[in-house]
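As the structure lists them, so they are numbered: ligands from 1, and atoms in each ligand from 1. These figures come from a predicted structure and were not determined experimentally.
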Amino acid sequence: MKNAKPKYAGKFSRKDLPPSIPYYQSQGITLKGTGAWRDAICPFHPDTKPSLRVNIEKGAYRCMVCGARGGDVLAFHQHKHGLNFVEACKQLGAWVVQ
Ligand SMILES: [Zn+2]
């Protein structure tokens, strides 16, 4: 069809992703330490000591125990809430409707 609507009318806007520190705080993740990589309790496995490493510059995360990992807060949001890419973008206010 020539004028078929795209499946998702809009696009991802990376600049509208929330900053890492307030985002992770809003998810109940307490970041500890200083520097680019902070420590936190991993929400993806029953964690008792801070096994999750969070990069506050990129929003990336990596768990040293269960292997959960992603490159930004969007990946974290998808993972934690079981959302697809577009749903996660919309929840984080990073979806621009055209
Ligand atoms: Zn983990």
Side-chain angles (χ1 to χ4, degrees):
M1 273 197 295
K2 207 167 109 184
N3 294 318
K5 271 192 169 177
K7 193 172 176 193
Y8 300 113
K11 67 173 183 178
F12 170 48
S13 173
R14 178 166 293 278
K15 71 175 172 58
D16 290 321
L17 282 177
S20 303
I21 292 176
Y23 169 75
Y24 279 102
Q25 283 174 344
S26 77
Q27 298 297 305
I29 308 286
T30 303
L31 302 174
K32 294 191 169 143
T34 55
W37 287 94
R38 307 284 171 94
D39 299 312
I41 297 286
C42 178
F44 301 115
H45 79 273
D47 202 7
T48 53
K49 57 184 179 183
S51 303
L52 191 74
R53 305 278 284 146
V54 173
N55 184 300
I56 56 161
E57 290 165 7
K58 296 177 166 32
Y61 63 99
R62 177 183 296 189
C63 177
M64 300 308 182
V65 174
C66 73
R69 61 187 294 171
D72 52 24
V73 297
L74 184 62
F76 183 91
H77 202 69
Q78 281 183 258
H79 190 168
K80 184 161 187 279
H81 299 286
L83 301 172
N84 68 35
F85 180 77
V86 174
E87 288 168 341
C89 289
K90 286 180 176 172
Q91 283 196 7
L92 294 179
W95 188 255
V96 178
V97 177
Q98 294 171 313

Determine whether the aromatic ring centres of Tyr61 and Tyr24 lie less than 6.0 Å apart. no
Near the Zn ion (ligand 1), which protein N/O/S atoms fall under 2.8 Å? Cys42 SG, His45 ND1, Cys63 SG, Cys66 SG
Are the side chain of Thr48 and the backbone of Pro46 linked by a donor-acceptor contact shorter than 3.5 Å? no
By side-chain contact (heavy atoms from CB on, under 4.5 Å) - contacts of Asn55 (at least two apart): Ala36, Trp37, Glu57, Lys58, Ala60
So do Leu52 and Arg62 actually touch side chain to side chain, heavy atoms under 4.5 Å? no
Do Glu87 and Trp95 make a side-chain contact, defined as non-hydrogen atoms from C-beta onward lying under 4.5 Å apart? no
Side chains of Val54 and Phe76, heavy atoms from C-beta outward: is any pair under 4.5 Å? no
